[in-house]
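None of the values given here were measured: they were computed from a predicted structure. Convention: sequence-line order gives letters A, B, ...; per-chain numbering from 1.
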Amino acid sequence: MTAAILTQRLTKSYGKQRGIVDLDLEVPPGRVFGFLGPNGAGKSTTIRVLLDLIRPTTGHASVLGLDCRRDSLAIRRRTGYLPGELSFYPRLSGHETLRYFANLRGGVQRGYVDDLCRRLDFDAGRRVADLSTGNKRKLGLIQAFMHRPDLLILDEPTSGLDPLVQHEFYHLVREAREAGQTVFLSSHVLPEAQRVCDMVAFVREGTLVAIEDVGALAGRAIREIEVTFAAPVPAAAFLGVSGVTAVVENGAEASRGAGSSTLRLTVSGSLDAAVKKLAQFEVVTMTSREPDLEDVFLALYGDRMGHAGPAAPGAVGKEDAGHVA
Amino acid sequence: MLHDSFLKTLRDQARNLLTWSVGVVAYVAMLMAVYPSISKSAGRLQGYIDNLPAALRAAFLGPSGDFTSPTGYINTELLSWLAPIVFIAFAIGVAGRALAGEEEDGTLSLLLAYPVSRRRLVLQKFAALTALVSAIGAAFWASLAIATAIVGTPVGAGSIFAAVLLFTLLALAIGSVTLATGAATGSRSAGTAVGAGVAVAMYLLNTLAQINAAAHPYRVLSLFYYSGGTTPLGRGLAGVDVTVLVCTTLALLAATVLLFERRDVRV
């Protein structure tokens with residue numbers, strides 16, 4: 001089967017600034033593919049090359065088996081696009097905006113557009129100038145989905161959406177996959193990608209770090225836990241506990257009282273061993289958060305990114321000394 | 001009006017067009033309303049004008065040095081300076097918004113992700129520019145033709161039409177400079193500045209060429225030379241004038257397509 005997206009040594013340079021470098025990417029058809037990376041990693045640059053908005057410096061890209069430069073019109077006919085930086089015509093209403101875009105496209109079913117508006121709870125009667133960021137995002141999603149394209153290219157689709165709408169968006173993405181459409185979405189948060197994607201590619205500083213099945217990734221998920229204890233607990237207590245890759249002491253939080261102490265644990269994979277170890281102490285509060293993508297990269301692929309390597313199990317550090325002592 | 005980018009541009013510019021047209025009609029009406037009293041004191045005025053240095057007279061009143069005839073009056077008071085400013089300013093405004101404006105507003109990225117080729121978009125925007133500048137021309141023509149008829153000054157609707165048509169073509173040529181610059185740079189201010197700069201330079205060249213013998217041969221480089229300079233009314237429609245103005249515009253339009261097709265669209 002033809003790849004939905006195929007790039008070969010794709011490079012885009014902007015003067016001294018780096019865009020993307022030798023990017024080889026293959027997105028199989030009918031999948032939900034996450035394109036992950038911190039802001040400025042080159043995600044939008046890649047997407048804009050695919051749509052022929054910008055031209056690669058070197059390398060080659062094809063979409064749906066068609067050449068990105070030569071057959072761009074045919075590609076755009078079969079693609080729905082949500083830009084990361086989204087702008088509409090402020091003086092048009094939502095209805096007028098959708099009518100204009102539907103006219104440019106042709107063959108859009110009115111009923112389906114109304115259906116999308118209802119599902120995303122979008123009030124199309126209001127002028128774009130009066131819409132909130134989240135509502136503009138909804139309008140962007142509707143125009144991307146409205147012609148049931150073979151390929152959806154969505155640049156940061158959920159930024160600014162409230163949780164209920166996000167949930168409906170995930171539904172739309174799953175429906176698209178069931179209908180055989182390919183979804184290519186960029187994101188800078190891993191949990192979102194894990195939730196909807198079948199596969200994810202990680203990019204950083206314009207280069208591809210890894211491509212993974214989401215299923216395989218789950219077992220290696222990285223989590224950060226911050227625990228406050230009733231009594232001082234040394235970081236060393238967690239050395240060697242299975243899954244704990246780093247422990248940081250939050251020494252400076254005097255306001256909690258002299259007797260307490262706070263530790264931040266970075267845990268990879270199962271939390272089981274760390275939780276059982278924690279249970280030996282008197283725990284006052286515990287919060288768990290998803291680490292930012294940069295930390296995930298360091299933990300998963302530090303060795304491939306020209307760094308010293310992933311934090312060695314049991315590494316201990318002070319807050320201001322950073323993660324890796 | 002949301003069928004394509006041509007119609008949408010007309011829709012976006014409707015209010016702007018109306019404002020300019022009302023201004024044109026009002027100015028022409030006022031100008032012609034005072035003409036009868038001007039022509040009564042004709043003798044004294046013309047005497048004053050005849051005493052001006054020949055070069056100055058030629059530059060601002062044309063070779064005939066005629067101010068008090070209807071044709072001379074309309075040329076001096078309207079067509080020598082105000083009409084070109086109105087036509088060109090309007091054309092530059094519309095042309096600047098057409099491509100560079102959409103790019104600066106950020107709507108171009110989404111528009112060009114639709115199955116609309118860049119060439120088609122340029123042609124639709126140019127077609128809208130042509131329609132809008134022609135509408136300003138129509139406002140000039142109709143208001144002048146009606147006003148001169150009411151005041152009873154025999155200028156001739158055909159002669160007015162010829163002058164207005166030349167201005168329309170001149171404005172389209174200058175507007176195409178702005179369109180091409182905007183398409184090449186993505187900057188509306190660059191397009192406006194280059195268009196306005198070219199217009200001012202060409203106007204000065206043409207005026208200078210009328211009073212300075214050394215500059216005289218270079219008047220052919222100014223588009224104002226082909227639009228009738230300072231005395232458009234009564235010039236008539238010459239094939240060479242129309243050809244030069246139209247060909248300049250078409251060359252700039254072709255350049256716009258080429259420059260726009262090669263460029264990276266900015267976020």
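- Contact record, Tyr81(A) with Ala113(B): CD2-CB, 3.3 Å, taken as the closest heavy-atom pair.
- Atom CD of Glu85(A) has 12 or fewer heavy atoms from other residues, nucleotides or ligands within 6.0 Å.
- Between Arg263(B) and Arg55(A), the shortest heavy-atom distance links the atoms O-NH1, 3.6 Å.
- The closest side-chain heavy-atom distance from His95(A) to Leu2(B) is not below 4.5 Å.
- Under the 4.5 Å side-chain criterion, counting only non-hydrogen atoms from C-beta, Gln143(A) is in contact with Tyr114(B).
- No side-chain heavy atom of Leu110(B) sits less than 4.5 Å from a side-chain heavy atom of Tyr89(A).
- Environment of NE2 in His60(A): crowded, with over 12 heavy atoms of neighbouring residues, nucleotides or ligands closer than 6.0 Å.
- Only the side chain of Arg48(A) comes within contact range of chain B, with at least one heavy atom under 4.5 Å from a heavy atom of that chain.
- Nearest approach of Leu104(A) to Pro115(B), heavy atoms of both residues: O-CG, 4.2 Å.
- By the 6.0 Å contact criterion, CZ on Phe161(B) is open, its count of non-hydrogen atoms from other residues, nucleotides or ligands being 12 or less.
- Dense packing is recorded around CZ of Arg174(A), with more than 12 heavy atoms of other residues, nucleotides or ligands lying under 6.0 Å away.
- The candidate from Arg78(A), Glu96(A), Arg91(A) with the greatest count of non-hydrogen atom pairs under 4.5 Å with chain B is Glu96(A).
- Although no hydrogens or angles enter the test, the distance criterion places no donor-acceptor pair under 3.5 Å between the side chain of Asn103(A) and the main chain of Asp4(B).
- With rounding to the nearest 0.5 angstrom, the CZ atom of Arg118(B) is 11.0 Å from the CG atom of Leu73(A).
- There is no contact between Gln124(B) and chain A, counting heavy-atom distances below 4.5 Å.
- The environment of CH2 in Trp20(B) is crowded: more than 12 heavy-atom neighbours from other residues, nucleotides or ligands sit within 6.0 Å.
- No more than 12 heavy atoms of other residues, nucleotides or ligands lie within 6.0 Å of OH in Tyr218(B), so this atom counts as exposed by the packing criterion.
- Pairing each heavy atom of Arg76(A) with each of Leu112(B), the nearest pair is NH1-O, 2.6 Å.
- Under a 3.5 Å cut-off, the side chain of Ser87(A) and the backbone N or O of Asp105(B) do form a donor-acceptor pair.
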